[in-house]
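What you see is a predicted model; the values in this text were computed from it and never measured.
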Amino acid sequence: MAFLSGNEAIAQGAWEAGVRIGVAYPGTPSTETMEEFSKKPGVYAEWAPNEKVAVEVAMGASAAGARVLATMKHVGVNVAADPLFTASYTGVNGGFMVLCADDPGMFSSQNEQDSRFYAHAAHLPMFEPSNSDEALRFARDAYGLSEQFDTPFLMRTTVRTSHAKTVTEVGERTEVELRPYEKDAAKWVMMPAFAKPRRVILDARDATLREWADTCPYNATEMRDSAMGIVCSGACYQYVRDAMPEASTFKLGLVWPLPQKRLEEFAASVDKLYVIDEASDYLSSHVKALGIDVAPFVNDLPHCGEVSPLAIAHAFGKPLPAHETMPDDVPGRPPALCPGCPHRPVFKELSRMRAIVTGDIGCYTLGGLPPLSGIDSTLDMGASISMAHGFELALAGTEHRPVVGVIGDSTFGHSGLSSLLGTAYNRGTGTICILDNRTTAMTGQQGNPFNGVTLQHRVSREMNIEKIVAALGIEDIQTVNPHDIKAVRAALKSATANDDLSVIVFRAPCVLLDKKNRKPACEITDKCTACGSCIRIGCPALSRDEATGCALIDPDLCIGCGDCAQYCRFDAIRVPVAKGGQNA
């Protein structure tokens, strides 16, 4: 027995099933799954540039006969949808499972979506565990089922099942021989002549899967009080048991296809049937589509965000418990860029020049928050460059503020490169800032093509951003240290004045990469005039003295980067000299 998170359990289950290869793009709440899998003996694991590539690599490995795991968060499924939908037609050779980790409540995501709809649309069977023990068993068993039914299997988790730890029964690895690959164009070459008959095979497989769903051991009927029956899945099952312990439940472990006969039998065994959904109507709409009567709640469940035991109890008419109102004097704690973050000066200067800034997905998205307020839009991975091009097209021929797209190094590799290719090809203009902090910072400092660090620390190639950009025909390319404020200002001024397409690579490592060599904290001197210029850069280490209004520096937070000192016109901030006589 072990105490595992859902992500750890999925990695363990895949390993026990004899999975040889794992491919992923990091994305919360899925990231730890591939990190844990990569530590297992006898496996190969890698970070792909994006989720589409991850699924394509995995499909190649499956076709060659290996069992393979691909993992991603829910928005990554959008990127991977192209190969996933066709993989449903081709089927597999070696067993193949894809983890789709959803984020109800959008704790670390730009939208809220339910990956179960993808299972339905792509005709791919999907498991949804309610705890870590189920996550391990479902992952382990998915591979034999994938090979049995000749299809990839999906597994859906949410942030709670991904990160919560429960007691889990672990086992030993089963070594599985590589299945022989045989050339079969009718199965693997999806041109129309072959895809059309594969569509017929897919329909026949759907029928087989629906029959299997009614005998699937991962769906559990739990009879208690027959007055009320609740259909639920995943983390919602845990909430239901907490909120309505007397109710009978039908816990779905297989959420597509649904077990129609067993659901009908369960509905007939209770006086009223209810369906609990979270941030979606997937289950309720699909149960109703089976012709099963679903009773309405006394009070509506939340239409967005996570549900909770309290919300479920309230939906059934139970009163909400009394609670205290948050005091007015409790200070807010909005998320912020770390002290010493190399992105901060870039956004400060973009804000000063009143640029229109199209942002992207990464920790630098926090540059859109006050006091920097340096981002105008954030849509999806790679959108900063494409949207900047769209802004320039719409504003062409008018007097307008500079248009600047901002993207991180990992996101540039994910999908920004193709966006820049489109802008360069169409002779677009504007300025693109690539914030190269030498890591995939937001999800926990993973490797990417531009720092050359692989998941299992194999010998790799570190891609050169400047040379790749130059290969696209872009001539105005600058490389700047973002901690040099004057250089940042000059680079942005010259790039935005250019009538052609300009790219600035702002390169400095994430402050979390090397915590051991931290510099001494900066200090406020008696020259401070309380002007607040340093405060307005938004560093968490800076605050004001309530009595005098002068700046204060928290030595426990300050890392001695000296960015604030460069904004002080009165030389009131001392940057200490580090050990060895080097200026900090």
Without swapping roles, check the side chain of S146 against the backbone of A142 for a donor-acceptor pair under 3.5 Å.
no
With distance as the sole criterion, is a donor-acceptor pair present between the side chains of S384 and D360 under 3.5 Å?
yes
Residues 56-67, side-chain donor-acceptor partners within the protein, below 3.5 Å, at least two apart:
{"residue": "E56", "atom": "OE2", "partner": "K52", "partner atom": "NZ", "Å": "2.5"}
{"residue": "S62", "atom": "OG", "partner": "N93", "partner atom": "N", "Å": "3.4"}
{"residue": "S62", "atom": "OG", "partner": "G94", "partner atom": "O", "Å": "2.6"}
{"residue": "R67", "atom": "NE", "partner": "E147", "partner atom": "OE2", "Å": "2.9"}
{"residue": "R67", "atom": "NH1", "partner": "A17", "partner atom": "O", "Å": "2.7"}
{"residue": "R67", "atom": "NH2", "partner": "E147", "partner atom": "OE1", "Å": "2.9"}

Test item: T411 side-chain N/O and I407 main-chain N/O as donor-acceptor pair under 3.5 Å:
no
Regarding R173 and E175, does a basic nitrogen lie under 4.0 Å from an acidic carboxylate oxygen?
yes
For R137 and D133, run salt bridge (charged side-chain N to carboxylate O under 4.0 Å, His left out): C-alpha distance rounded to whole Å, both residues' side-chain angles, the deciding distance at 0.1 Å, then the answer.
CA-CA 6 Å; R137 288 191 290 113; D133 191 62; 3.6 Å; yes
Do S38 and E35 have side-chain atoms, one donor and one acceptor, less than 3.5 Å apart?
no
Using the six-membered ring wherever Trp is involved, compare the ring planes of W212 and F149 and label them parallel, tilted or perpendicular (cut-offs 30° and 60°).
tilted
Under a 3.5 Å distance rule, please check whether S415 uses its side chain to pair with a backbone N or O of M381 as donor and acceptor.
yes
Electrostatic pair R179-D150, nearest N-O below 4.0 angstrom
no
Is it the case that the side chain of N451 and the backbone of N448 share a donor-acceptor pair, with hydrogens and angles ignored and the cut-off at 3.5 Å?
yes
Within the distance-only criterion (no hydrogens, no angle test), does the side chain of S88 pair as donor or acceptor with the backbone N or O of L84 below 3.5 angstrom?
no
Donor-acceptor contact present, side-chain T208 to main-chain A204, <3.5 Å:
yes
Ion pair D102/K73, N-O distance below 4.0 Å:
no
T161 to N131 - nearest heavy-atom pair and separation
CG2-N, 4.5 Å
Heavy atoms from other residues, nucleotides or ligands near CE of M191 exceed 12 (cutoff 6.0 Å):
no
Can you check whether V77's main-chain N or O pairs, donor with acceptor, with E51's side chain at less than 3.5 Å?
no
Qualifying side-chain hydrogen bond (donor to acceptor under 3.5 Å, both in side chains) pairs with a residue from residues 1-13, counting only residues at least two apart or across chains
S5-E8, N7-E32, N7-T33, Q12-E16, Q12-K40
Tell me if a side-chain donor or acceptor on S132 pairs with a main-chain N or O of G6 at a distance below 3.5 Å.
yes
On the 0 to 90° scale, with breaks at 30° and 60°, tag the F450-F412 ring pair as parallel, tilted or perpendicular.
tilted
What residue pairs, at least two apart or across chains, pass ring pair (Phe, Tyr, Trp, His ring centres under 6.0 Å) with a residue in residues 20-59?
Y25-H414
Under a 3.5 Å distance rule, please check whether S115 uses its side chain to pair with a backbone N or O of Y118 as donor and acceptor.
no
Test side chain to side chain contact (heavy atoms under 4.5 Å, CB included) applied to R262 and N219, T215, L252, the passing residue:
N219
How would you list all residue pairs meeting side-chain hydrogen bond (donor to acceptor under 3.5 Å, both in side chains) that involve residues 224-234, not counting sequence neighbours?
R116-S233, E128-S233, E222-R224, R224-T249
Run the salt-bridge test on E462 and R438 with the 4.0 Å N-O cut-off and return the result as yes or no.
yes
K261/E264 ion pair, N-O < 4.0 Å:
no
Before we go on, tell me: are the rings of Y143 and F153 under 6.0 Å apart, centre to centre?
no
Got more than 12 heavy atoms from elsewhere within 6.0 Å of NE2, H120?
no
Can you sort out the partners of Q113 under side chain to side chain donor-acceptor pair (under 3.5 Å), two or more places apart, ordered by chain and number?
N78, N111
Output a table of donor-acceptor pairs, distance under 3.5 Å, between side-chain atoms of residues 286-305 and any protein atom two or more places apart or on a different chain; print 'none' if there are none.
{"residue": "H286", "atom": "ND1", "partner": "Y282", "partner atom": "O", "Å": "2.9"}
{"residue": "N299", "atom": "ND2", "partner": "H314", "partner atom": "O", "Å": "2.7"}

Is it the case that H74 and D103 place a side-chain donor and acceptor less than 3.5 Å from each other?
no
Whether K251 side chain and G234 backbone form a donor-acceptor pair below 3.5 Å
no
